[in-house]
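In the text below, chain A, chain B and the rest are named by the order of the sequence lines, each starting its count at 1. In what follows, every heavy atom counts, from backbone to side chain, and hydrogens, waters and symmetry copies are set aside.
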There are 2 protein chains.
Amino acid sequence: MDETTQADEIDVATGLIRLSFLVQSIYGRASERRDLTPVQAKLLSVLADSPRCMAELAALFGVEKAALTGLVDRAERRGFVHRAPVPGDRRALLVTLTPEGHQAAAAFLDDVKAEVSGLASDLRPDDRERFRATLAQVIRER
Amino acid sequence: MDETTQADEIDVATGLIRLSFLVQSIYGRASERRDLTPVQAKLLSVLADSPRCMAELAALFGVEKAALTGLVDRAERRGFVHRAPVPGDRRALLVTLTPEGHQAAAAFLDDVKAEVSGLASDLRPDDRERFRATLAQVIRER
DNA sequence: TATTGTTATACTCTATAACTATA
DNA sequence: TATAGTTATAGAGTATAACAATA
């Protein structure tokens with residue numbers, strides 16, 4: 001097995017790990033520009049697709065539901081979300097974006113996607129399309 | 001522009017962002033299995049390559065140097081690293097892995113790389129090699 | 001003066017355990 | 001009994017500002 005450290009010789013796992021840290025650092029800086037923490041940015045991004053219950057968000061984020069309380073508290077205090085009752089289950093709460101939350105989510109997502117796209121901007125068009133298709137395959141069902 | 005949500009139709013930026021969260025969740029679970037936080041795991045992984053000064057680590061992690069003090073304190077308390085004087089600069093401290101730290105870093109890295117490799121294991125060999133080469137190109141110089 | 005590292009303080013994020021209300 | 005969400009407590013990680021020691 002080749003064990004050199006040249007970028008061109010790295011294995012798939014190392015490449016994926018480095019790339020993920022690269023993307024996360026872009027994500028973090030984009031959050032900061034919008035005065036959000038990465039977790040708050042992720043919360044807004046998820047809720048931009050559709051409102052979610054607390055338990056659902058906890059499962060989606062892979063954290064205990066108790067962690068969601070403070071997270072949603074802070075987002076609510078900033079006017080990004082509100083807790084809405086769920087008709088038919090008086091225990092549950094649907095976390096929903098406010099108009100300000102939608103605006104913040106859209107601005108953040110535009111920002112982060114534009115910068116992440118830049119990572120692939122030097123690829124030849126056919127390489128980029130192949131890369132995109134392989135990315136789609138890798139994340140499918142996960 | 002196509003705006004469907006099917007996995008096969010996602011753009012490169014969205015694919016990269018989702019993949020990075022996927023890799024980070026694997027990284028987090030592998031850390032947890034070794035009783036490390038993700039940041040501690042990252043610290044050990046970086047130091048496995050070579051010892052680093054506090055300021056160097058702060059720059060590498062993109063955090064303030066003050067944050068490194070507690071991070072290295074906790075790693076030192078657990079016997080993974082120690083602070084060594086730097087000959088020729090009595091201000092600086094070289095953070096160095098202990099034998100236990102090297103062992104922990106190697107075990108963690110084997111673990112996380114094996115699981116991350118699994119993400120690409122369903123690709124056809126030629127697709128995987130092309131994917132690997134494109135990853136190398138994207139992270140080069142970054 | 002600039003740099004290296006630390007301390008003090010405050011905030012966010014998270015886990016755990018115990019709790020309330022509802023199903 | 002089980003589930004949805006909260007509270008209380010503790011610890012990790014981080015930023016900021018002020019500091020000491022050295023360059």
Side-chain angles (χ1 to χ4, degrees), chain A residues 21 24-25 27-47 51-78 80-96 104 108, chain B residues 21 24-25 27-29 31-47 51-78 80-96 104:
Chain A
F21 278 111
Q24 291 295 316
S25 83
Y27 199 95
R29 277 186 279 114
S31 308
E32 203 172 2
R33 282 198 295 276
R34 301 291 171 178
D35 195 26
L36 299 167
T37 65
V39 177
Q40 293 286 347
K42 193 177 174 187
L43 177 64
L44 298 190
S45 302
V46 165
L47 294 176
R52 305 276 189 175
C53 291
M54 304 291 282
E56 211 174 352
L57 289 170
L60 222 48
F61 288 9
V63 302
E64 292 299 315
K65 60 185 172 157
L68 263 291
T69 300
L71 206 57
V72 171
D73 281 349
R74 289 184 287 275
E76 196 163 33
R77 216 180 298 141
R78 290 193 54 187
F80 291 141
V81 307
H82 67 95
R83 289 164 160 102
V86 174
D89 189 343
R90 287 189 301 170
R91 296 171 306 177
L93 290 172
L94 201 59
V95 185
T96 308
F108 166 75
Chain B
F21 278 111
Q24 292 294 318
S25 81
Y27 200 93
R29 276 185 281 114
S31 308
E32 204 172 358
R33 281 197 295 274
R34 300 291 171 178
D35 195 27
L36 299 167
T37 64
V39 177
Q40 293 285 347
K42 192 178 175 187
L43 177 65
L44 299 190
S45 302
V46 165
L47 295 176
R52 306 277 190 175
C53 292
M54 303 291 284
E56 210 175 351
L57 289 169
L60 221 49
F61 288 10
V63 303
E64 292 300 315
K65 58 185 173 155
L68 264 290
T69 300
L71 206 55
V72 171
D73 281 350
R74 290 184 286 274
E76 198 163 32
R77 216 179 300 140
R78 289 194 52 187
F80 292 140
V81 307
H82 66 96
R83 289 161 160 103
V86 174
D89 190 344
R90 287 190 300 173
R91 295 172 305 180
L93 290 172
L94 201 59
V95 185
T96 308

Please test B:Val95 against B:Arg52 for side-chain contact (heavy atoms from CB on, under 4.5 Å), starting from the C-alpha separation and ending with a verdict. CA-CA 5 Å; B:Val95 185; B:Arg52 306 277 190 175; 5.6 Å; no

Rounded to the nearest Å, what distance is computed from the [atom1] atom of residue [X] to the [atom2] atom of nucleotide [N]?
X: A:Leu93; N: D:dT7; atom1: CG; atom2: C1'; result: 15 Å
X: A:Leu57; N: C:dT14; atom1: CG; atom2: P; result: 12 Å
X: A:Leu60; N: C:dT14; atom1: CG; atom2: P; result: 13 Å
X: A:Glu56; N: D:dT3; atom1: CD; atom2: C1'; result: 14 Å
X: A:Asp89; N: D:dA4; atom1: CG; atom2: C1'; result: 7 Å
X: A:Arg29; N: D:dA15; atom1: CZ; atom2: P; result: 14 Å
X: A:Arg78; N: C:dC13; atom1: CZ; atom2: P; result: 10 Å
X: A:Arg52; N: D:dA4; atom1: CZ; atom2: P; result: 15 Å

What verdict does the side-chain contact (heavy atoms from CB on, under 4.5 Å) test give for B:Leu93 and B:Val72, after you've listed the backbone C-alpha separation in whole Å, the side-chain angles of each residue and the deciding distance to 0.1 Å? CA-CA 11 Å; B:Leu93 290 172; B:Val72 171; over 6 Å; no

Testing the basics here: between [X] and [Y], what is the closest heavy-atom pair and its distance to 0.1 Å?
X: B:Pro38; Y: B:Ser31; value: CA-OG, 3.6 Å
X: B:Thr96; Y: B:Ala84; value: OG1-CB, 4.2 Å
X: B:Leu44; Y: B:Ala104; value: CD1-CB, 3.9 Å
X: B:Ala58; Y: B:Lys65; value: CB-CA, 3.6 Å

Within less than 4.0 Å of OP1 or OP2 of C:dA21, is there a side-chain N or O belonging to A:Arg90?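 Answer is no, no contact under 4.0 Å.
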
Near DNA chain D, counting only heavy atoms under 4.0 Å, which residues of residues 36-44 of chain A show up?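 Correct list: empty, so none.
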
base_contact_polar (C:dT3 base, B:Arg91 side chain, donor-acceptor, <3.5 Å):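 Pair found.
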
Could you please spell out the steps behind the ring pair (Phe, Tyr, Trp, His ring centres under 6.0 Å) verdict for B:Phe21 and A:Phe61? CA-CA 10 Å; B:Phe21 278 111; A:Phe61 288 9; 8.8 Å; no

Indicate yes or no: does A:Arg78 engage A:Asp73 in a salt bridge with an N to O separation below 4.0 Å.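 Answer for the salt bridge query: no.
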
So if I take every side-chain heavy atom of A:Arg83 and compare against D:dT6, D:dG5, C:dA23, which nucleotide ends up nearest?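 Minimum distance to the A:Arg83 side chain belongs to D:dT6.
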
Reported NZ-to-CG distance for the pair B:Lys42 and B:Leu36, which is rounded to 0.5 angstrom: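 Spacing of NZ (B:Lys42) from CG (B:Leu36) equals 14.5 Å.
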
DNA chain C-proximal residues of residues 63-75 of chain B, any heavy atom under 4.0 Å: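 Heavy-atom contacts with DNA chain C come from B:Lys65, B:Ala66, B:Thr69.
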
